[in-house]
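If you read the sequence from its start, that first residue is 1, and numbering goes on from there. Predicted model, so just to flag it, every value in this text is computed and none were measured.
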Amino acid sequence: AAYAHIQQEIDTLNTIRAQLKQPKQPLQAVIKLQDQLRQTEQQLEKGRQRERLQWRDRLLAEAEDLPGGWKLIVRELPLDDAEDGKELFNMLRKEAPEGIFLLGAQMPPKAMLWFGMGERFQQETGADARQWVKAVAGHIKGGGGGQQLFVSAGGKQPECVRQAWEEARMLVQDMMK
């Protein structure tokens, strides 16, 4: 049994060497690949951060002015990572404490929604994003939760994201009357 295990380990090492194009020092080759992967991941994250900044600026420029000096941002975003939606929300909230944010993304086979508001809006109106998501998550055949200022929801019907945030828009507009 021990001999078979050792032979299997040798076979694995030979396979690794073949994949690495027969380096003289396979361990060093693996370490080099790990470093390259880490650098690539860092470059990708920098690119994603630049893209989030561009979206933040675009969304702030497109914000709809509401009575009382509030800003409403309602948009479907071309995101493929739920974490990007959360990061973008945090950026918006810092830049626009008077903001109300209703964002969605189709990430087949999933749908994602991010609803929230700046602290100033919440303090002055008593709004609760958890109520918004509870009211509209059914559109995407999902559910969600979070905190008073920020909620996220996931669902099974990405094609219905627009319906969900349009209903959320109506909820906010009704609240403003």
Peer 1: Does a side-chain N-to-carboxylate-O contact under 4.0 Å join E64 and R169?
Peer 2: yes
Peer 1: Indicate whether any N or O donor in one side chain lies under 3.5 Å from an N or O acceptor in the other, for Q39 and D35.
Peer 2: no
Peer 1: Using the ring pair (Phe, Tyr, Trp, His ring centres under 6.0 Å) criterion, which residues pair with W55? Sequence neighbours excluded.
Peer 2: none
Peer 1: Hey, any chance V151 and L59 share a hydrophobic cluster, counting ILVMFWY side chains that come within less than 4.5 Å of each other, even indirectly?
Peer 2: no
Peer 1: Could you report the tightest heavy-atom contact between G116 and A129, atom names first, then the distance?
Peer 2: CA-CB, 4.1 Å
Peer 1: Checking D65 now: which residues fulfil salt bridge (Lys or Arg N to Asp or Glu O under 4.0 Å) with it, not counting sequence neighbours?
Peer 2: K71
Peer 1: Let me confirm one number: the CE-CG distance from M91 to D84, rounded to the nearest 0.5 Å.
Peer 2: 10.0 Å
Peer 1: Do M112 and L79 touch side chain to side chain, with heavy atoms closer than 4.5 Å?
Peer 2: no
Peer 1: Report yes or no: do L77 and F89 belong to one cluster of Ile/Leu/Val/Met/Phe/Trp/Tyr joined by side chain heavy-atom distances under 4.5 Å?
Peer 2: yes
Peer 1: Identify which one of L149, V133, V172 satisfies the side chain to side chain contact (heavy atoms under 4.5 Å, CB included) criterion when paired with F115.
Peer 2: V133
Peer 1: Using 0.5 Å steps for rounding, measure from the CZ atom of R56 to the CD atom of E87.
Peer 2: 12.5 Å
Peer 1: Using distance alone, with no hydrogens and no angle criterion, decide if Q49 and R52 have a side-chain donor and acceptor under 3.5 Å apart.
Peer 2: yes
Peer 1: Using a cut-off of 6.0 Å, state whether more than 12 heavy atoms not belonging to Q25 lie near its atom CD.
Peer 2: no
Peer 1: How close do A164 and L113 get, heavy atom to heavy atom, and via which atoms?
Peer 2: CB-CD1, 3.7 Å
Peer 1: In this structure, are over 12 heavy atoms from other groups packed under 6.0 Å from Q147 atom CD?
Peer 2: no
Peer 1: Are the side chains of R93 and N90 in touch, meaning some heavy atoms are under 4.5 Å apart?
Peer 2: yes
Peer 1: With heavy-atom distances below 4.5 Å as the criterion, would you say the side chains of Q131 and K134 are in contact?
Peer 2: yes
Peer 1: If every non-hydrogen atom of W114 is compared with every non-hydrogen atom of M107, which pair is closest and at what distance?
Peer 2: CH2-CE, 3.5 Å
Peer 1: Please report the interatomic distance OG1(T12) to CD(Q7), rounded to the nearest 0.5 Å.
Peer 2: 10.0 Å
Peer 1: To check you understand the geometry: which heavy-atom pair defines the closest contact between A127 and W132, and what is its length?
Peer 2: CB-CZ2, 4.0 Å
Peer 1: Would you check if D81 and R48 make a side-chain contact, meaning some heavy-atom pair closer than 4.5 Å?
Peer 2: yes
Peer 1: Using the side chain to side chain contact (heavy atoms under 4.5 Å, CB included) definition, which of the options T15, N14, L20 pairs with R17?
Peer 2: N14
Peer 1: Any heavy-atom pair between the side chains of Q123 and E119 that's under 4.5 Å?
Peer 2: yes
Peer 1: Could you tell me which non-hydrogen atom of A135 sits nearest to which non-hydrogen atom of L171, and how far apart they are?
Peer 2: CB-CD1, 3.7 Å
Peer 1: Provide the closest heavy-atom pair for P158 versus P108 in the form atom of the first, atom of the second, distance.
Peer 2: CG-CA, 4.2 Å
Peer 1: Going only through I, L, V, M, F, W and Y residues with side-chain contacts under 4.5 Å, is there a path from M117 to M175?
Peer 2: yes
Peer 1: Drop me the distance from Q163's CD to Q157's CD, to the nearest 0.5 angstrom.
Peer 2: 8.5 Å
Peer 1: Report the distance from atom CD1 of I73 to atom CG of L103, rounding to the nearest 0.5 Å.
Peer 2: 7.5 Å
Peer 1: Are any non-hydrogen side-chain atoms of F150 and F101 less than 4.5 angstrom apart?
Peer 2: no
Peer 1: Could you grab the distance from atom CD of Q28 to atom CD1 of I31, nearest 0.5 Å is fine?
Peer 2: 4.5 Å
Peer 1: Got a sec: does the CZ of R162 have more than 12 other heavy atoms crowding it under 6.0 Å?
Peer 2: no
Peer 1: Do L66 and I100 touch side chain to side chain, with heavy atoms closer than 4.5 Å?
Peer 2: yes
Peer 1: For side chain to side chain contact (heavy atoms under 4.5 Å, CB included), just list the numbers for W165 and R75, CA-CA rounded to whole Å, side-chain angles, deciding distance to a tenth of an Å, and then say yes or no.
Peer 2: CA-CA 8 Å; W165 55 252; R75 188 72 144 78; 5.8 Å; no
